[in-house]
Trainee: 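This is the structure, below, for whatever I ask next.
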Amino acid sequence: MSTVMVVTPIIIANWPVISAAVAGAVGSMGFTLAEAAAGVDVRVSSKNATRTEIELDDSEILSAGTELGEEMTVVRDGVTARFKRDARGSLTLCMEGEGYTKAELHQIGEELMGRVTQQYVYHRVMTEMKNKNMTIVSEEVDTDQTVHIRVKNW
């Protein structure tokens with residue numbers, strides 16, 4: 001007997017869990033944590049930079065243990081992406097880059113937010129399967145980054 005399960009994520013977590021998901025996801029897209037990027041001052045924004053903001057629907061960053069204004073910044077090829085908890089508690093991504101259109105930044109941001117969501121959900125699913133004593137039989141990642149996990153439980 002087999003079952004196919006499609007996961008629709010609702011992200012409710014505290015900031016350290018979100019930070020771990022961001023750190024795990026950004027490397028696969030060529031982004032680097034701002035602290036690790038030598039010679040990049042992400043605090044200074046150019047007047048000519050294009051900006052856009054993306055809010056992750058169905059997300060809530062728990063305020064316990066989160067300081068107001070806490071954010072995580074990653075960079076790649078002149079693009080700066082800042083993950084932060086907005087005033088309503090949702091996960092928000094601010095994209096900024098010089099020489100990019102708003103649509104290009106929005107597309108990069110959507111891909112980045114999707115990868116972070118996938119990373120978060122992957123770890124949640126794996127943790128729950130481990131807690132239920134399920135055994136992972138195989139795991140595959142398609143070229144479109146779809147993850148297939150086969151488990152057995154008996």
Trainee: Can you tell me how far the OG1 atom of T117 sits from the CG atom of L56, to the nearest 0.5 Å?
Mentor: 4.5 Å
Trainee: Would you compute the distance between atom NZ of K152 and atom CD1 of I136 and round it to the nearest 0.5 angstrom?
Mentor: 12.0 Å
Trainee: Looking only at non-hydrogen atoms, find the nearest pair between R76 and M29 and report the distance.
Mentor: NH1-O, 2.7 Å
Trainee: Name all residues meeting the side chain to side chain contact (heavy atoms under 4.5 Å, CB included) criterion together with T50; count only those two or more places apart in sequence or in a different chain, and write none if there are none.
Mentor: K102, L105
Trainee: Identify the two heavy atoms, one from V22 and one from V74, that lie closest to each other, and give their separation to 0.1 Å.
Mentor: CG1-CG1, 4.4 Å
Trainee: Measure the CE-CD1 distance between M113 and I54 for me, rounded to the nearest 0.5 Å.
Mentor: 6.5 Å
Trainee: Do Y100 and T52 pass the side-chain contact (heavy atoms from CB on, under 4.5 Å) test, and can you show the C-alpha distance, the side-chain angles, and the key distance before you say yes or no?
Mentor: CA-CA 11 Å; Y100 290 89; T52 188; over 6 Å; no
Trainee: Check side-chain hydrogen bond (donor to acceptor under 3.5 Å, both in side chains) between D142 and all other residues, then give those that pass, not counting sequence neighbours.
Mentor: H148
Trainee: Just jot down the side chain to side chain contact (heavy atoms under 4.5 Å, CB included) partners of V141, sequence neighbours excluded, or say none.
Mentor: Q145, V147
Trainee: Treating R51 as the side-chain partner and A49 as the backbone partner, does any N or O pair qualify as donor plus acceptor under 3.5 Å?
Mentor: yes
Trainee: I need the K84 NZ to I18 CD1 distance, nearest 0.5 Å.
Mentor: 15.5 Å
Trainee: Over all heavy atoms of both residues, which pair between F83 and W15 is shortest? Give the atoms and the distance, please.
Mentor: O-CH2, 3.4 Å
Trainee: Determine the minimum heavy-atom distance between M72 and S19, stating which atoms define it.
Mentor: CE-O, 3.6 Å
Trainee: To the nearest 0.5 Å, what is the distance between CE (M129) and CE (M126)?
Mentor: 4.5 Å
Trainee: Can you sort out the partners of T92 under side-chain hydrogen bond (donor to acceptor under 3.5 Å, both in side chains), two or more places apart, ordered by chain and number?
Mentor: D86
Trainee: List for me each residue that meets side-chain hydrogen bond (donor to acceptor under 3.5 Å, both in side chains) alongside Q107, sequence neighbours excluded, and say none if there are none.
Mentor: none
Trainee: Kindly give the heavy-atom pair with the smallest separation between A81 and L112, and that separation in Å.
Mentor: CB-CD2, 3.7 Å
Trainee: Can you measure from CE (M95) to CZ (R82) and round to the nearest 0.5 angstrom?
Mentor: 10.5 Å
Trainee: Holding to salt bridge (Lys or Arg N to Asp or Glu O under 4.0 Å), I want the full list of residues that pass it with E104, two or more places apart in sequence or in another chain.
Mentor: none
Trainee: For the residue pair S90 and E55, what are the closest heavy atoms and their distance?
Mentor: OG-OE2, 3.4 Å
Trainee: So, using side-chain hydrogen bond (donor to acceptor under 3.5 Å, both in side chains) as the criterion, who are the partners of T135 when residues are at least two apart?
Mentor: none
Trainee: Sequence neighbours left out, what pairs pass side chain to side chain donor-acceptor pair (under 3.5 Å) with at least one residue falling in residues 121-130?
Mentor: Q119-H123, Y122-E139
Trainee: Test of understanding: with salt bridge (Lys or Arg N to Asp or Glu O under 4.0 Å), list the residues that count as partners of E111, not counting sequence neighbours.
Mentor: R115
